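Before any comments, here is the structure.
Everything quoted here is computed from the prediction, not taken from an experiment.
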Amino acid sequence: MYDTARRVALVKKRRHEYARRKQQREICGLSAACMLLFAALMQMASTVVGPGQSAARGVFGAMLLREDAGGYVLVGVVCFAAAAAITALCFRLRSRENQKKDGTGKPDPQKQEGKTT
């Protein structure tokens, strides 16, 4: 049998491993969502951008000066909005995770008794 300190250390190690696995799943999910968004935007860009716009290869900045460059502007605005939404979602997930880690504002009983872990 293990003593109390060893059991607490094992529980903390297991909790750290579970948290690491959860973060890995979240990262994989967000990466997959970004790749799907990228693929969807590339598909939309190929349908929105007309065939005459590919004539100025290598001068993409000048293409925005043309009158039919609305597709590029649309893709840029959609990408910015998606990135802002994903960033806000990540901040919200992080704050929710920190709230769960800290508890609901209840003091830690071990700290009240003067014990440190």
Side-chain angles (χ1 to χ4, degrees):
M1 295 211 57
Y2 296 123
D3 62 340
T4 304
R6 177 73 176 149
R7 283 186 294 199
V8 168
L10 289 172
V11 168
K12 285 184 179 182
K13 182 179 177 183
R14 192 175 315 131
R15 185 182 68 189
H16 177 69
E17 181 67 25
Y18 287 151
R20 190 186 64 76
R21 287 182 187 169
K22 181 182 175 187
Q23 287 177 349
Q24 191 68 25
R25 282 192 306 267
E26 288 174 355
I27 289 171
C28 289
L30 287 174
S31 298
C34 287
M35 292 302 290
L36 285 173
L37 180 64
F38 176 73
L41 287 174
M42 291 306 293
Q43 184 67 28
M44 185 175 61
S46 67
T47 59
V48 171
V49 176
Q53 293 181 357
S54 63
R57 289 188 184 152
V59 205
F60 291 113
M63 292 181 74
L64 292 177
L65 299 175
R66 293 180 60 178
E67 60 192 40
D68 54 350
Y72 289 106
V73 174
L74 174 68
V75 170
V77 169
V78 169
C79 287
F80 176 76
I86 290 172
T87 303
L89 176 69
C90 289
F91 275 119
R92 182 171 280 189
L93 287 174
R94 177 62 61 122
S95 66
R96 186 176 296 164
E97 181 180 312
N98 287 341
Q99 286 176 352
K100 285 182 182 179
K101 188 185 295 184
D102 293 339
T104 59
K106 296 178 182 175
D108 189 14
Q110 290 181 350
K111 287 183 181 178
Q112 283 182 345
E113 295 174 9
K115 298 179 183 177
T116 58
T117 55

Run the numbers on Glu26 and Arg21 for side-chain contact (heavy atoms from CB on, under 4.5 Å), then give the verdict. CA-CA 9 Å; Glu26 288 174 355; Arg21 287 182 187 169; over 6 Å; no

Let's go through Asn98 and Arg94 carefully: what are the C-alpha distance in whole Å and the side-chain angles of both, what is the deciding distance for side-chain contact (heavy atoms from CB on, under 4.5 Å) to 0.1 Å, and is it a yes or a no? CA-CA 6 Å; Asn98 287 341; Arg94 177 62 61 122; 4.0 Å; yes

Kindly indicate, with the supporting measurements, whether the criterion side-chain contact (heavy atoms from CB on, under 4.5 Å) is fulfilled by Arg96 and Lys100. CA-CA 6 Å; Arg96 186 176 296 164; Lys100 285 182 182 179; 4.3 Å; yes

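- At a threshold of 4.0 Å, the pair Glu17-Lys13 does not count as salt-bridged, since none of the basic side-chain nitrogens sits closer than that to a carboxylate oxygen.
- Linking Ile, Leu, Val, Met, Phe, Trp and Tyr whenever their side-chain heavy atoms come within less than 4.5 Å puts Val78 and Ile86 in one cluster.
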Report the C-alpha separation of Thr4 and Arg7 in whole Å, then their side-chain angles, then the decisive distance to 0.1 Å, and conclude whether the side chain to side chain donor-acceptor pair (under 3.5 Å) test is met. CA-CA 5 Å; Thr4 304; Arg7 283 186 294 199; 3.3 Å; yes

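- Put simply, CG on Leu30 and CZ on Arg25 are 13.0 Å apart, with the number rounded to the nearest 0.5 Å.
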